[in-house]
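Taking it in order: structure first as structure tokens, then the write-up.
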Amino acid sequence: QMQLVESGGGLVQAGGSLRLSCTASGRTFSSAAMGWFRQAPGKDREFVAAITSSGGSTYYADSVKGRFAISRDTAKNTMYLQMNTLKPGDTAVYYCASTSYASASDYYLSGSYNYWGQGTQVTVSS
């Protein structure tokens, strides 16, 4: 079992920044690839970013590339999502997730992840 808890969401004006955190407990964090997904009202959950277990490779959705940065700190069992130049279209509930078996080509698929956090709301006002 792995428990994931997100934090850092909130209300921010367009152009602002937020940093989300995802703290893991339970199973070995260092061996799991991690991802961020988001879901806006009335829309499907969509991939945002992913990072390999080593932290050596990162992957981003085109919509956030150049604005968001994913990272992880194994010593703290924590993953981060630094979000800059936020837009109203980034408004959503953001979820972190972990996978111990998915290959990189499948990181963008929500079904590739076996543990999920409860989500944290991010609201960007115009």
Side-chain angles (χ1 to χ4, degrees):
Q1 288 287 342
M2 177 182 282
Q3 293 77 42
L4 302 173
V5 178
E6 302 97 335
S7 61
L11 173 64
V12 64
Q13 288 189 331
S17 299
L18 280 175
R19 188 177 80 157
L20 305 183
S21 300
C22 172
T23 301
S25 61
R27 295 188 66 178
T28 306
F29 174 77
S30 61
S31 63
M34 304 291 294
W36 286 99
F37 287 76
R38 66 187 182 185
Q39 188 167 20
K43 295 187 177 181
D44 293 335
R45 189 170 297 189
E46 66 173 0
F47 170 75
V48 176
I51 188 167
T52 55
S53 58
S54 68
S57 296
T58 56
Y59 307 84
Y60 296 94
D62 288 343
S63 59
V64 307
K65 202 171 293 183
R67 299 189 297 123
F68 291 11
I70 189 172
S71 62
R72 63 190 298 163
D73 185 336
T74 300
K76 296 182 178 180
N77 271 18
T78 301
M79 173 181 65
Y80 304 98
L81 185 69
Q82 178 66 44
M83 304 186 295
N84 299 324
T85 318
L86 283 161
K87 306 175 181 179
D90 295 319
T91 295
V93 177
Y94 283 70
Y95 299 90
C96 68
S98 69
T99 177
S100 56
Y101 62 87
S103 59
S105 61
D106 293 335
Y107 285 167
Y108 71 100
L109 297 172
S110 60
S112 298
Y113 296 80
N114 44 346
Y115 296 104
W116 290 83
Q118 82 290 347
T120 185
Q121 177 71 47
V122 171
T123 302
V124 185
S125 63
S126 57

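We use all heavy atoms of the structure for the numbers below, so side chains are in, but hydrogens, waters and symmetry mates are not.
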How would you list, by chain and number, every residue that makes a side chain to side chain donor-acceptor pair (under 3.5 Å) with Thr123, sequence neighbours excluded?
Gln121

Listed partners of Arg38 passing salt bridge (charged side-chain N to carboxylate O under 4.0 Å, His left out), at least two apart
Glu46, Asp90

Test item: Arg67 side-chain N/O and Thr85 main-chain N/O as donor-acceptor pair under 3.5 Å:
yes

List the atom of Ser126, the atom of Ala14, and the distance in Å for their closest heavy-atom pair.
CA-CB, 4.4 Å

Residues 57-124 vs disulfide bond (SG atoms under 2.5 Å apart), sequence neighbours excluded, gives Cys22-Cys96

Do Thr23 and Ser7 come within less than 4.5 Å of each other through their side chains, counting heavy atoms only?
no

Suppose we screen for side chain to side chain donor-acceptor pair (under 3.5 Å). Which residues come up paired with Asn84, at least two apart in sequence or across chains?
Ser17, Gln82

For Ser57, does its backbone N or O pair with a side-chain atom of Thr52 as donor and acceptor, under 3.5 Å?
yes

Return the CE to OG1 distance between Met2 and Thr99, rounded to the nearest 0.5 Å.
10.0 Å

Distance-minimising heavy-atom pair for Leu86 and Leu18
CD1-N, 3.9 Å

Under the salt bridge (Lys or Arg N to Asp or Glu O under 4.0 Å) rule, what pairs show up with a residue in residues 6-16, not counting sequence neighbours?
none

Between the OG atom in Ser30 and the CG atom in Asn77, the distance rounded to the nearest 0.5 Å is 7.5 Å

Just jot down the side-chain contact (heavy atoms from CB on, under 4.5 Å) partners of Ser125, sequence neighbours excluded, or say none.
Leu11, Gln13

Counterpart residues, side chain to side chain donor-acceptor pair (under 3.5 Å), relative to Ser31 (two or more places apart)
none

So which pairs with a foot in residues 66-102 pass ring-ring contact (aromatic ring centres under 6.0 Å, His included), sequence neighbours left out?
none

Quick one: side chain to side chain donor-acceptor pair (under 3.5 Å) partners of Ser105, sequence neighbours excluded?
Ser103

Euclidean distance, Tyr115 OH relative to Gln1 CD, rounded to 0.5 Å:
4.5 Å

Reported CG-to-OG1 distance for the pair Leu81 and Thr120, which is rounded to 0.5 angstrom:
11.0 Å

Which residue pairs pass the salt bridge (Lys or Arg N to Asp or Glu O under 4.0 Å) test when at least one of the two sits in residues 98-123, sequence neighbours left out?
none

Is Met83 reachable from Val12 through a run of I, L, V, M, F, W or Y residues, each pair having side-chain heavy atoms under 4.5 Å apart?
yes

Those residues that, when tested against Lys65, pass salt bridge (charged side-chain N to carboxylate O under 4.0 Å, His left out) (two or more places apart):
Asp62

So which pairs with a foot in residues 30-66 pass ring-ring contact (aromatic ring centres under 6.0 Å, His included), sequence neighbours left out?
Phe37-Phe47, Phe37-Tyr113, Phe37-Trp116, Tyr59-Tyr107

So, do Met34 and Leu4 sit near enough that their side-chain heavy atoms are less than 4.5 Å apart?
yes

